[in-house]
Asks: 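Once you've had a glance at the structure underneath, I'll fire off some questions.
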Amino acid sequence: QVPLVQSGGGQVEAGGYLKLSCEGTGNQNTVAWFRQVAGKDREVVAVLPWRKGIYYSDSVKGRCFISRDLTKDTLWLDITTVKPEDTAIYYCAARREADVSLKADDYQYWGQGTQVTVSS
């Protein structure tokens, strides 16, 4: 199993900026960020497929940017103007297939998760 190692997160004030990193995605074709709140299912935040069609969830669209550098084997998630409802555990994920999937079950590789808490 490909280990994905996350960094970043922690406490952020509402209106501030959040940057998460994930190393180890290697040559997996599609990478993504998910988040999970206690008692709820893991939900997709952003997906960066090998082919066209970057996806952002409506909850972050317009203030979120997913990017990847293959030479550094790193995936990032940037969220500006964070809100209290962005509070969650964030996970990076990767899958061998090259198309967009919004389902957590379709991803074979996962990071360890990092807590993000946005204070109002």
Side-chain angles (χ1 to χ4, degrees):
Q1 186 173 358
V2 175
L4 306 184
V5 180
Q6 298 180 220
S7 59
Q11 290 258 353
V12 187
E13 286 191 4
Y17 169 75
L18 170 68
K19 187 176 187 74
L20 302 176
S21 301
C22 173
E23 294 183 5
T25 54
N27 60 356
Q28 299 306 319
N29 283 316
T30 296
V31 290
W33 288 93
F34 286 76
R35 65 188 182 187
Q36 189 168 23
V37 176
K40 294 188 176 182
D41 292 336
R42 198 167 294 189
E43 66 170 6
V44 67
V45 177
V47 181
L48 178 59
W50 189 257
R51 300 188 186 119
K52 298 179 185 179
I54 297 176
Y55 170 87
Y56 294 103
S57 70
D58 288 342
S59 61
V60 298
K61 194 174 294 182
R63 58 188 185 93
C64 180
F65 184 64
I66 184 172
S67 60
R68 183 182 192 182
D69 187 331
L70 292 173
T71 64
K72 297 180 179 179
D73 195 20
T74 303
L75 168 70
W76 293 278
L77 180 72
D78 296 81
I79 304 180
T80 61
T81 320
V82 294
K83 305 174 181 180
E85 49 264 44
D86 292 323
T87 296
I89 299 175
Y90 284 72
Y91 297 89
C92 60
R95 66 194 294 255
R96 293 183 291 268
E97 295 78 8
D99 55 338
V100 171
S101 174
L102 308 184
K103 297 187 296 183
D105 288 345
D106 288 345
Y107 290 79
Q108 296 91 15
Y109 311 106
W110 288 88
Q112 79 276 18
T114 184
Q115 176 70 47
V116 171
T117 303
V118 180
S119 57
S120 57

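Every heavy atom of this structure was used, including side-chain atoms; hydrogens, water molecules and symmetry mates were not. For clarity, every value in this text was computed on a predicted model and none was experimentally measured.
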Asks: Please examine the side chains of S101 and R95, heavy atoms only from C-beta on, and report whether any two atoms are closer than 4.5 Å.
Replies: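 In short, these two side chains touch, coming nearer than 4.5 Å.
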Asks: Is the shortest heavy-atom distance from the side chain of R96 to the side chain of Q28 under 4.5 Å?
Replies: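 Yes. Closest side-chain heavy atoms under 4.5 Å.
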Asks: For K61, is the NZ atom crowded, meaning more than 12 foreign heavy atoms sit under 6.0 Å from it?
Replies: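 Yes, enclosed.
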Asks: What about V60 and V118, same hydrophobic cluster or not, with Ile/Leu/Val/Met/Phe/Trp/Tyr joined at side-chain heavy-atom distances under 4.5 Å?
Replies: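 They do share one cluster, since a chain of ILVMFWY contacts under 4.5 Å joins V60 to V118.
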Asks: Quick check on the hydrophobic clustering: are V100 and W33 connected, directly or via other members, by side-chain heavy-atom contacts under 4.5 Å?
Replies: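 Different clusters: V100 never reaches W33 through Ile, Leu, Val, Met, Phe, Trp or Tyr contacts under 4.5 Å.
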Asks: Within the 4.5 Å heavy-atom criterion, are W110 and R42 side-chain neighbours or not?
Replies: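 Yes, close enough: below the 4.5 Å cut-off.
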Asks: Is there a side-chain contact between L18 and D86, using heavy atoms and a 4.5 Å cut-off?
Replies: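 Result no, sub-4.5 Å side-chain heavy-atom pair not found.
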Asks: If you count the non-hydrogen atoms of other residues, nucleotides and ligands that lie under 6.0 Å from CG in D69, is the total more than 12?
Replies: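 More than 12 within 6.0 Å, yes.
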Asks: Side chain to side chain contact (heavy atoms under 4.5 Å, CB included) between C64 and L77: does it pass, once the steps are laid out?
Replies: CA-CA 7 Å; C64 180; L77 180 72; 3.3 Å; yes
Asks: For the residue pair Y91 and L4, establish whether any side-chain heavy-atom pair is separated by less than 4.5 Å.
Replies: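 Side chain of Y91 against side chain of L4, heavy atoms only: no contact under 4.5 Å found.
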Asks: Considering all heavy atoms of both residues, which atom of S67 and which atom of L75 are nearest to each other, and what is their separation?
Replies: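 Minimum heavy-atom separation between S67 and L75: O-CD1, 3.2 Å.
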Asks: Quick test of your reading: applying side chain to side chain donor-acceptor pair (under 3.5 Å), list the pairs with at least one residue in residues 14-23, sequence neighbours left out, ordered by first then second residue.
Replies: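 Passing the test, one end in residues 14-23: Y17-D78, K19-D78, S21-W76.
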Asks: What pair of heavy atoms forms the shortest contact from A93 to Y107, and how long is it?
Replies: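 Minimum heavy-atom separation between A93 and Y107: CB-CD2, 3.7 Å.
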Asks: Check whether Q6 reaches the backbone of C92 with its side chain - one donor and one acceptor, N or O, closer than 3.5 Å.
Replies: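 The answer is yes, because a donor-acceptor pair under 3.5 Å joins these two groups.
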Asks: Answer yes if V37 and V44 sit in the same cluster of Ile, Leu, Val, Met, Phe, Trp and Tyr residues linked by side chain heavy atoms under 4.5 Å apart, and no otherwise.
Replies: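 The answer is no; the residues belong to distinct hydrophobic clusters.
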Asks: Will you find, in the side chains of R35 and Y90, an N or O donor that is under 3.5 Å from an N or O acceptor?
Replies: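 Yes, side-chain donor-acceptor contact under 3.5 Å.
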Asks: Short question: side chain of T114, backbone of G8 - any donor-acceptor pair under 3.5 Å?
Replies: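 The answer is yes, because a donor-acceptor pair under 3.5 Å joins these two groups.
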Asks: Identify whether L48 and Y55 are in the same connected component of the hydrophobic contact network (ILVMFWY, side-chain heavy atoms under 4.5 Å).
Replies: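 L48 does not cluster with Y55.
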Asks: Restricting to non-hydrogen atoms, name the atom on P49 and the atom on A98 that form the minimum distance, rounded to 0.1 Å.
Replies: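 Minimum heavy-atom separation between P49 and A98: CB-O, 3.5 Å.
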Asks: Please report the shortest heavy-atom distance between P84 and S120, naming the atom on each side.
Replies: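 It is CG-CB, 3.9 Å.
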Asks: So, do V116 and L20 sit near enough that their side-chain heavy atoms are less than 4.5 Å apart?
Replies: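 SC-SC contact between V116 and L20 confirmed.
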Asks: Counting distance only, does the side-chain N/O of T30 pair as donor-acceptor with the main-chain N or O of D99 below 3.5 Å?
Replies: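 Yes.
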Asks: Taking side chain as C-beta onward, heavy atoms only, is R68 less than 4.5 Å from W50?
Replies: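 R68 reaches W50 side chain to side chain.
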Asks: V47 and side-chain contact (heavy atoms from CB on, under 4.5 Å): which single residue from V31, I66, L102, I54 fits?
Replies: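 Exactly one pass, corresponding to L102.
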Asks: Is there side-chain contact between Y109 and T25, with heavy atoms separated by less than 4.5 Å?
Replies: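 Not in contact.
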Asks: Rounded to the nearest 0.5 Å, what's the gap from CG on N27 to CG on N29? Could you check?
Replies: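 So the CG of N27 and the CG of N29 are separated by 7.5 Å.
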Asks: Pair I79, R63 - check side chain to side chain contact (heavy atoms under 4.5 Å, CB included), show working.
Replies: CA-CA 6 Å; I79 304 180; R63 58 188 185 93; 3.4 Å; yes
